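Note sheet for the following structure.
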Amino acid sequence: MIDLELLRNNPEIIKEEIKKRQMKIDVDKDIKLDDGRRSLIFEIDELRAKKNEASKKIPKLKGEEKNKLISQMKNLNQSLQILEEKLNKVEEKFYASLANYPNISNSSTPVGKDENDNVVEYFKGEKPEFSFEPKNHIQLGTRLDILDEKRAAKISGSRFVFLKRDAVLLEFALVRYVLDLLIGKGFILMIPPTLVKQDAMHGTGFFPAEKTQYYKTELDDLYLIGTAEVPLCAYHGDEFLDIEDLPLKYAGFSSCFRREAGTYGKDMGGMFRVHQFDKVEMFIFSNPRNSWDDYEYLRDTVEEVIGSLGIHYRIMNMCTGDIGNPNAKKYDLEAWLPGQQNYRELASCSHDTDYQSRRLNIKYKDGKKKDFVHTMNSTACAVGRTLIAIYENYQTKEGNIKIPEALVPYMNGKKIISAED
RNA sequence: GGAGGGGUGGCAGAGUCUGGUUGAUUGCGGCGGUCUUGAAAACCGUUGAGGGUUUUCCUUCCGGGGGUUCAAAUCCCUCCCCCUCCGCCA
């Protein structure tokens with residue numbers, strides 16, 4: 001949700017933003033809707049004031065006078081009803097249109113059309129060198145019998161996998177490692193519901209969306225989350241947060257479900273792009289005054305997670321044409337995958353300013369001042385993709401997989417996954 | 001799934017039967033003040049959120065939605081949520 005004051009006073013800023021994002025929205029039409037809406041509210045309020053006044057008089061009156069006023073009020077109610085119906089229609093239109101408005105991007109977000117205009121900020125770590133042709137994670141996982149996509153396809157269709165044997169232990173090791181790291185930084189741990197109501201999807205900016213974009217349960221109007229961002233953000237919906245508690249940092253572990261509509265043929269096979277995966281997601285409620293510092297801290301944190309696993313990556317500053325509606329800014333962390341000889345998205349770190357907090361009504365009080373908090377989120381560890389990065393970066397000539405040093409204690413001292421086990 | 005009870009301002013808790021200066025008594029908490037070297041206690045005052053207008057007022061909100069009525073926290077319908085008991089169950 002955008003600020004209505006901005007729409008009224010600086011519509012050119014919004015129009016400019018829409019252009020930057022390659023979107024098409026008729027802003028002037030919505031300004032007219034808002035004007036109409038406000039004059040209706042004014043008329044309605046006046047009638048209601050009359051009505052309230054009469055309601056105080058009526059019990060004191062008697063006989064003819066009383067009946068006269070009552071019948072006057074009956075008439076007034078008819079005009080009131082007509083106006084209210086009008087207002088309802090206008091508001092419905094107005095807010096439905098407003099729901100499609102993007103956030104205002106930060107000045108540091110590069111303006112661009114699509115993913116080709118994203119900007120490489122910097123590289124971290126070293127590409128591993130192999131004296132042999134590195135395998136991809138599917139070859140490695142299948143050989144070691146820790147990944148089974150064929151049977152997953154039999155049971156559930158394409159884009160599902162079974163994690164098996166040491167892959168399961170490695171997932172839990174990874175998750176526990178990451179949780180420990182985040183506990184140390186004061187994050188509050190969560191396991192949120194993975195089924196949520198429409199309001200939560202809408203409030204976080206995932207709705208409105210095409211029906212093909214998400215999973216929905218048949219009987220209960222509940223939606224499967226694509227990320228823990230949704231329940232973590234909606235967690236404080238309709239609340240005032242104590243300014244002393246900001247920044248309020250959560251880390252949520254959940255399964256994530258994505259239909260991946262429109263990606264047919266892309267990244268087929270393996271577990272890079274699957275309908276279901278597990279993820280530790282960080283979510284921060286922030287004081288707007290410090291939120292851009294908190295955001296860099298958030299980026300530092302995901303870099304620490306991936307960096308400490310010894311994976312080479314680069315940080316991308318995503319352009320206006322490639323960030324989501326709620327995002328004012330977004331970094332992607334792209335890890336080097338030797339099996340693909342390419343950098344691929346492992347994590348995503350977004351600053352949504354007050355876009356979500358407006359929709360979900362999450363505020364803080366600073367003395368007498370009331371304002372919306374800022375929200376931001378970042379992947380801490382998308383387990384499937386991180387496993388891919390580990391498999392491919394830590395493979396040996398024989399096709400075994402070494403365990404990253406940081407995870408060894410979490411694997412009961414095990415240092416390598418090999419076929420001989 | 002069956003039976004019953006309940007959702008009121010930051011919290012607790014009246015008001016609902018018997019509709020009308022009740023946006024709502026009271027207590028706690030919060031804020032301001034008096035007192036005090038300071039604090040506590042005591043006392044006094046103040047204290048919900050949204051919208052429109054704009055500094056003055058108006059309006060909406062007692063779980064959500066709908067209805068009855070000149071008038072609804074209060075009556076009716078419906079949905080949601082919570083609690084207790086029974087059944088079932090990881």
Side-chain angles (χ1 to χ4, degrees), chain A residues 1-9 30-99 101 191-203 207 216-223 231 234-246 248 254-255 285 354-373:
Chain A
M1 176 75 80
I2 54 149
D3 186 357
L4 288 188
E5 293 294 317
L6 191 68
L7 181 70
R8 286 166 197 167
N9 303 329
D30 290 328
I31 292 174
K32 275 188 195 133
L33 276 177
D34 185 43
D35 286 341
R37 173 178 156 267
R38 284 195 283 171
S39 61
L40 279 171
I41 287 172
F42 186 78
E43 285 183 71
I44 287 170
D45 280 357
E46 280 203 320
L47 289 187
R48 281 178 177 159
K50 274 187 196 165
K51 204 174 139 175
N52 288 339
E53 204 184 331
S55 290
K56 282 178 190 168
K57 277 187 194 159
I58 285 173
K60 291 177 193 162
L61 296 175
K62 277 180 184 166
E64 193 57 29
E65 261 187 305
K66 184 170 185 172
N67 292 332
K68 201 176 146 193
L69 192 52
I70 286 176
S71 69
Q72 270 178 21
M73 287 306 107
K74 280 186 184 175
N75 288 331
L76 189 144
N77 273 342
Q78 284 181 358
S79 1
L80 188 58
Q81 204 186 340
I82 291 166
L83 288 175
E84 282 173 338
E85 277 166 16
K86 247 190 196 169
L87 178 65
N88 280 341
K89 276 183 193 157
V90 170
E91 295 216 307
E92 203 179 311
K93 244 195 202 167
F94 180 60
Y95 287 116
S97 180
L98 235 52
Y101 277 58
I191 295 181
T194 46
L195 286 165
V196 301
K197 296 181 196 171
Q198 188 177 5
D199 289 350
M201 295 297 279
H202 187 270
F207 283 3
K216 180 178 186 289
T217 60
E218 176 130 19
L219 289 178
D220 298 296
D221 286 331
L222 290 171
Y223 301 84
Y235 183 72
H236 283 301
D238 288 318
E239 290 183 20
F240 273 92
L241 302 183
D242 193 332
I243 192 171
E244 301 296 325
D245 295 335
L246 303 178
L248 191 50
S254 84
S255 293
F285 298 89
D354 59 1
Y355 191 90
Q356 296 178 321
S357 59
R358 277 180 194 283
R359 289 184 169 216
L360 282 164
N361 190 28
I362 306 171
K363 297 181 173 176
Y364 70 100
K365 270 184 199 159
D366 188 2
K368 281 191 175 172
K369 191 181 125 209
K370 288 169 287 189
D371 203 2
F372 295 102
V373 299

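Letters A, B, ... are given to chains in the order of the sequence lines, protein chains preceding strands, and every chain is numbered from 1. A quick note: this is a predicted structure, and the numbers were derived from the prediction, not measured. Hydrogens, waters and symmetry mates are skipped; everything else that's a heavy atom, side chains included, is used.
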For [X] and [N], give me the distance from atom [atom1] to atom [atom2], rounded to whole Å.
X: A:F42; N: B:rG52; atom1: CZ; atom2: C1'; result: 8 Å
X: A:E84; N: B:rG67; atom1: CD; atom2: P; result: 10 Å
X: A:D199; N: B:rC81; atom1: CG; atom2: P; result: 13 Å
X: A:L40; N: B:rU53; atom1: CG; atom2: P; result: 12 Å
X: A:L4; N: B:rU53; atom1: CG; atom2: C1'; result: 16 Å
X: A:D35; N: B:rG52; atom1: CG; atom2: C1'; result: 13 Å
X: A:E46; N: B:rU54; atom1: CD; atom2: C1'; result: 15 Å
X: A:M1; N: B:rG51; atom1: CE; atom2: C1'; result: 13 Å

If the [atom1] atom of [N] is compared with that of [M], how far apart are they to the nearest Å?
N: B:rG15; M: B:rG19; atom1: C1'; value: 13 Å
N: B:rU53; M: B:rA14; atom1: P; value: 41 Å
N: B:rU36; M: B:rA41; atom1: C1'; value: 11 Å
N: B:rU46; M: B:rU54; atom1: C1'; value: 24 Å
N: B:rC75; M: B:rU68; atom1: C1'; value: 8 Å
N: B:rC80; M: B:rA42; atom1: P; value: 47 Å
N: B:rU69; M: B:rC77; atom1: C1'; value: 16 Å
N: B:rC62; M: B:rA3; atom1: P; value: 29 Å

Checklist entry - Quick one: on RNA chain B, does A:D34 or A:A49 contact a more 5' nucleotide (nearest heavy atom)? => result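 The answer here is A:D34.
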Checklist entry - Under 4.0 Å: is that the gap between some side-chain N or O of A:K197 and OP1 or OP2 of B:rC80? => result no
Checklist entry - Can a side chain N or O of A:R38 be found less than 4.0 Å away from OP1 or OP2 on B:rG51? => result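 So the side chain of A:R38 is outside the cut-off, no N or O lying under 4.0 Å from OP1 or OP2 of B:rG51.
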Checklist entry - Any side-chain heavy atom of A:D242 within less than 4.5 Å of one from A:Y364? => result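 A side-chain contact under 4.5 Å is absent here.
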Next on the checklist: If you define the side chain from C-beta out and look only at heavy atoms, does anything of A:H202 sit under 4.5 Å from A:K197?
Outcome noted: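 Heavy-atom side-chain distance check fails, nothing below 4.5 Å.
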Next on the checklist: Once salt bridge (charged side-chain N to carboxylate O under 4.0 Å, His left out) is applied, do any residues pair with A:K216, and if so which ones, sequence neighbours excluded?
Outcome noted: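 Expected list: A:D221.
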Checklist outcome for this item: salt bridge (charged side-chain N to carboxylate O under 4.0 Å, His left out) filter on A:E91, not counting sequence neighbours, yields A:R37
Suppose we screen for side-chain contact (heavy atoms from CB on, under 4.5 Å). Which residues come up paired with [X], at least two apart in sequence or across chains?
X: A:L6; result: A:D3, A:N10, A:I13, A:I14, A:I104
X: A:N52; result: none
X: A:T194; result: A:I225, A:S254, A:F257

Checklist outcome for this item: Its dot-bracket string being built from Watson-Crick and G-U pairs below 3.5 Å, with | for another strand and [ ] for crossing, RNA chain B has the pattern ((((((((.[[[..)....(.....]]]((((((.......))))))(((((....))))).[[[[[..)....]]]]])))))))....
Donor-acceptor pairs under 3.5 Å, side chain of residues 66-77 of chain A to any protein atom, not counting sequence neighbours: which ones?
from, atom 1, to, atom 2, distance (Å)
A:N67, ND2, A:G63, O, 3.4
A:S71, OG, A:K68, O, 2.9
A:N77, OD1, A:K51, NZ, 3.4

Checklist entry - A:E46: what forms a side-chain hydrogen bond (donor to acceptor under 3.5 Å, both in side chains) with it, not counting sequence neighbours? => result none
Output one line per pair: protein atom, nucleotide atom from nucleotides 68-73 of chain B, and distance, for all N/O pairs under 3.5 Å.
from, atom 1, to, atom 2, distance (Å)
B:rC70, OP1, A:K74, NZ, 3.1
B:rC70, O3', A:N77, ND2, 3.0
B:rA71, OP1, A:N77, ND2, 2.9

Item to check | Minimum heavy-atom distance A:S97-A:D30, with the two atoms named | outcome: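 Reported closest heavy-atom pair: OG-OD2, 2.7 Å.
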Next on the checklist: What's A:K50 touching, base or sugar-phosphate or nothing? Going by heavy atoms closer than 4.0 Å.
Outcome noted: nothing
Next on the checklist: At less than 3.5 Å, do the side-chain atoms of A:N361 and the base atoms of B:rG50 form a donor-acceptor pair?
Outcome noted: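 Result: no qualifying N/O pair found.
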Next on the checklist: Working note: A:D34 + A:R8, criterion salt bridge (Lys or Arg N to Asp or Glu O under 4.0 Å); need CA distance, chi angles, decisive distance, verdict.
Outcome noted: CA-CA 9 Å; A:D34 185 43; A:R8 286 166 197 167; 2.7 Å; yes
